[in-house]
Amino acid sequence: MNIQNFVLVCLIFMASKAHCQDFKGENYTRFIDSANVHINESSARAQAFLDSIPPPLEKSIAGKLADYYSIKALIHDDYSENAYLYQSYILALKYAEKEKNYRIAGFACLELYSNIYFTKKDTTANKYLEKAKTFYKLANYNYGAVEIEQMLAYTKFMNGEYKQCNAQLLSNLEKYNNIKDVRYFYMFATYMLTLNYLQLDDFKKAQLYYKAFKTVKDDESIVKYNYLSFKSAIDLSFAEAYFEKKQIDSTNYYLANTTKLRNYMNNELIRDYFSLKADAFKFIGNLDKTRIYLDSISFFENKMFNTIVDASMDINAPLLKAESELETENDKKFRNGALALLLFFMLAALGIFYLIYRKKNRHKLSDCSNRVNNLAYLKSNNEKLTGKVIGLEEYINNLKKEIKDIATIHDLPTQREKIKRLYRSLQVNSSTLLDKSENHLELINNLNVEFFRQMKLRHPQLNDSEVITAYYLFMGFKNKEIAVFLNISVRAMESRRYRISKKINLGTKQTTLVDYLKTTFKDLRVR
């Protein structure tokens with residue numbers, strides 16, 4: 001070995017040793033704290049701090065891995081990376097148990113319950129709810145217990161168990177009312193009580209808890225959009241209940257209140273509102289206005305149907321794009337691996353050169369063996385990639401055939417049900433492809449390229465997940481549907497909608513986010 005090569009090997013060894021010594025003395029847990037500070041304002045900044053932590057994480061941030069993965073989950077939620085979101089909460093729970101960080105363990109369990117039960121109606125989610133109870137007790141976190149109680153009550157409410165839901169809420173209502181810094185608990189409880197008693201035909205108690213609901217209207221801890229959205233649902237429910245009793249004056253009173261809150265109603269409530277208006281005018285014999293609202297329902301239904309069909313037809317392009325990006329990423333990883341392998345062989349060659357005169361034949365044989373192994377590795381990877389592409393093409397062809405079959409069905413309700421079933425199936429079967437994409441915005445960008453371009457120009461302060469949400473609102477989807485598309489809870493969707501309005505300064509204006517989007521982008525051609 002010549003002197004230059006010997007010096008090079010020594011320098012590399014010394015640099016590596018120095019780095020290890022510096023690593024041992026560095027406190028990288030401070031990046032966790034910095035990421036936690038910035039997560040509510042900017043996921044990108046939070047991610048930058050997490051990226052500054054060198055691997056292996058088990059050594060560089062020992063004792064803080066639960067915090068790390070809980071923040072990663074919030075970042076993935078912001079970017080709608082649902083598979084990574086679920087994975088991060090699983091890891092957060094795993095390390096929280098090891099580190100005895102029971103607060104994060106309870107939080108992760110509650111999020112896993114919500115993710116599984118409310119999106120898939122999978123009863124296996126109950127085990128996470130039970131774990132959340134245990135962890136919150138160990139952490140002495142009282143609000144965690146409140147979150148669990150209301151989650152259970154809401155589950156009963158959604159399942160139509162109105163009496164059971166009331167019993168649970170009433171036993172805890174005074175406690176919710178005493179939580180002055182978070183009035184959402186009391187508002188949500190009185191909202192469910194009001195609707196439950198309407199379903200049970202007890203108007204007196206329904207009015208009582210509606211009055212209690214209104215007491216939080218001006219509280220600073222309440223998001224205005226959430227309050228008015230709940231109020232519109234209550235007013236419409238009262239109108240429907242009075243109409244069933246043929247009390248038309250009371251029906252019209254609550255319908256008038258609902259009309260004032262049209263901007264805070266989701267698509268499902270709007271459909272019910274049109275239907276009730278048509279029935280009310282028919283009851284008093286005003287057939288002209290009855291036809292107007294029936295036409296509104298028909299137009300609304302057709303618009304929703306066409307939107308779902310267009311979204312289903314355009315899904316092929318994002319799938320192909322996702323596969324193309326996957327292949328590109330695999331090629332990039334292979335090149336990086338080859339470069340690292342080349343560097344390794346170059347360093348190894350320095351040592352081999354020194355012993356070449358004694359082991360020449362032996363090392364030639366070893367080199368040949370390594371080449372054969374590398375070629376076999378490349379061949380195996382190429383075969384796997386070819387099989388994956390063939391499987392994707394077959395999946396897309398089957399998807400196109402199923403969509404064509406649905407298009408031949410003339411019964412509108414049957415078509416909508418078939419499309420919803422197809423979308424749920426598509427969510428399951430294609431999730432592994434979509435979740436591997438770097439950005440969900442790139443997958444749906446082809447749906448309406450001009451909308452995304454103009455939205456980014458007008459509002460660069462919005463992140464990708466907020467732009468995606470704005471597009472779905474512009475297309476007319478309701479909160480519940482968008483929550484399913486993005487695999488988040490309805491409450492999370494409502495909060496995201498409020499953040500968008502605040503970022504584009506709609507909070508104090510007499511217009512809603514949906515109206516703003518429809519007015520601003522009304523000249524765009526929807527595919």
Side-chain angles (χ1 to χ4, degrees), residues 110 113-114 117-118 121 123 125-126 128-130 132-133 136-137 142-217 219 221-223 226-245 247 250-251 253-254 257-258 261 264-266 268-269 272-273 276 479-480 483 489-492 494:
L110 204 59
Y113 171 84
S114 175
Y117 187 84
F118 288 106
K121 297 298 182 183
T123 55
N126 292 333
Y128 289 111
L129 195 62
E130 293 302 317
K133 294 178 184 178
Y136 278 139
K137 287 180 181 178
N142 292 331
Y143 285 178
V146 173
E147 288 279 2
I148 291 172
E149 291 168 359
Q150 293 212 329
M151 183 73 76
L152 290 170
Y154 187 63
T155 301
K156 291 182 174 65
F157 173 76
M158 294 297 291
N159 291 336
E161 301 172 3
Y162 305 118
K163 291 183 179 180
Q164 296 89 328
C165 180
N166 280 348
Q168 181 178 335
L169 290 171
L170 291 173
S171 65
N172 294 288
L173 190 60
E174 184 177 354
K175 178 175 64 176
Y176 300 153
N177 193 27
N178 290 332
I179 302 176
K180 302 301 182 183
D181 54 333
V182 185
R183 298 296 285 163
Y184 181 90
F185 295 131
Y186 185 69
M187 179 182 73
F188 191 44
T190 52
Y191 162 77
M192 286 190 285
L193 284 167
T194 302
L195 295 188
N196 283 340
Y197 279 116
L198 279 176
Q199 292 293 331
L200 296 171
D201 202 29
D202 190 337
F203 282 70
K204 185 177 180 180
K205 288 187 177 179
Q207 289 285 3
L208 175 66
Y209 289 106
Y210 188 21
K211 184 178 180 180
F213 169 85
K214 293 178 181 177
T215 61
V216 304
K217 176 182 178 181
D219 193 278
S221 68
I222 295 295
V223 177
N226 289 342
Y227 173 81
L228 294 178
S229 178
F230 284 157
K231 186 177 185 302
S232 68
I234 292 175
D235 285 335
L236 185 59
S237 296
F238 267 109
E240 290 173 338
Y242 278 116
F243 184 75
E244 288 182 4
K245 295 181 176 295
Q247 299 180 22
S250 296
T251 300
Y253 171 78
Y254 283 103
N257 290 344
T258 306
L261 301 175
Y264 300 93
M265 297 165 61
N266 59 35
E268 185 176 351
L269 283 179
D272 293 341
Y273 167 79
L276 184 57
N479 285 3
K480 186 181 294 183
S489 67
V490 176
R491 290 173 62 185
E494 292 171 349

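In this text the structure is predicted, and so the values were computed from the model without any measurement. FYI, side chains are in, hydrogens and waters are out, and symmetry mates aren't considered; it's all heavy atoms of this structure.
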* Taking the six-membered ring for Trp and the single ring otherwise, decide whether the centroids of Y253 and F238 are under 6.0 Å apart. => no
* **Aromatic centroids of F203 and Y242 separated by under 6.0 Å** => yes
* Asked: What's the shortest heavy-atom distance between M187 and T190, and which atoms?
  -> O-OG1, 3.0 Å
* Asked: Between T194 and A206, which heavy-atom pair has the shortest distance, and what is it?
  -> CG2-O, 3.5 Å
* Asked: Heavy-atom count around K214 NZ within 6.0 Å, excluding the residue itself: above 12?
  -> yes
* K180, NZ: over 12 other non-hydrogen atoms inside 6.0 angstrom -> yes
Check: [Y] and [X] side chains under 4.5 Å, non-hydrogen atoms:
X    : Y    : result
E240 : L236 : yes
Y197 : L208 : no
M265 : T258 : yes
L200 : N166 : yes
V490 : M158 : no

* To do: Check whether any side-chain N or O of S221 sits under 3.5 Å from a backbone N or O of R183 as a donor-acceptor pair, and report yes or no.
  => yes
* Under the 3.5 angstrom rule, does the side chain of E494 hit a backbone N or O of N226 as a donor-acceptor pair? -> no
* Step-by-step side-chain hydrogen bond (donor to acceptor under 3.5 Å, both in side chains) determination, Y162 to D202 -> CA-CA 12 Å; Y162 305 118; D202 190 337; over 6 Å; no
Taking atom [atom1] of [X] and atom [atom2] of [Y], what is their separation to the nearest 0.5 Å?
X    : Y    : atom1 : atom2 : value
F188 : F213 : CZ    : CZ    : 11.0 Å
L129 : M151 : CG    : CE    : 7.5 Å
Y186 : L173 : OH    : CG    : 5.0 Å
C165 : Q150 : SG    : CD    : 9.5 Å
S237 : L269 : OG    : CG    : 7.5 Å
K133 : L110 : NZ    : CG    : 11.0 Å

* To do: Could you walk me through whether E244 and D201 pass side-chain contact (heavy atoms from CB on, under 4.5 Å), step by step?
  => CA-CA 11 Å; E244 288 182 4; D201 202 29; over 6 Å; no
* Do Y143 and D181 get their side chains close enough for a donor-acceptor pair, meaning under 3.5 Å? -> yes
* Does one side chain, of R491 or Y154, offer a donor that lies under 3.5 Å from an acceptor on the other? -> no
* **Test applied, side-chain contact (heavy atoms from CB on, under 4.5 Å); reference residue, K231; option that passes from Y264, Y210, Y191** => Y210
* Determine the sole option in L195, I234, L170, N196 for which the side-chain contact (heavy atoms from CB on, under 4.5 Å) test with Y209 is passed. => L170
* Structure fact -> Applied to residues 145-170, the salt bridge (charged side-chain N to carboxylate O under 4.0 Å, His left out) test, sequence neighbours excluded, yields E149-K175
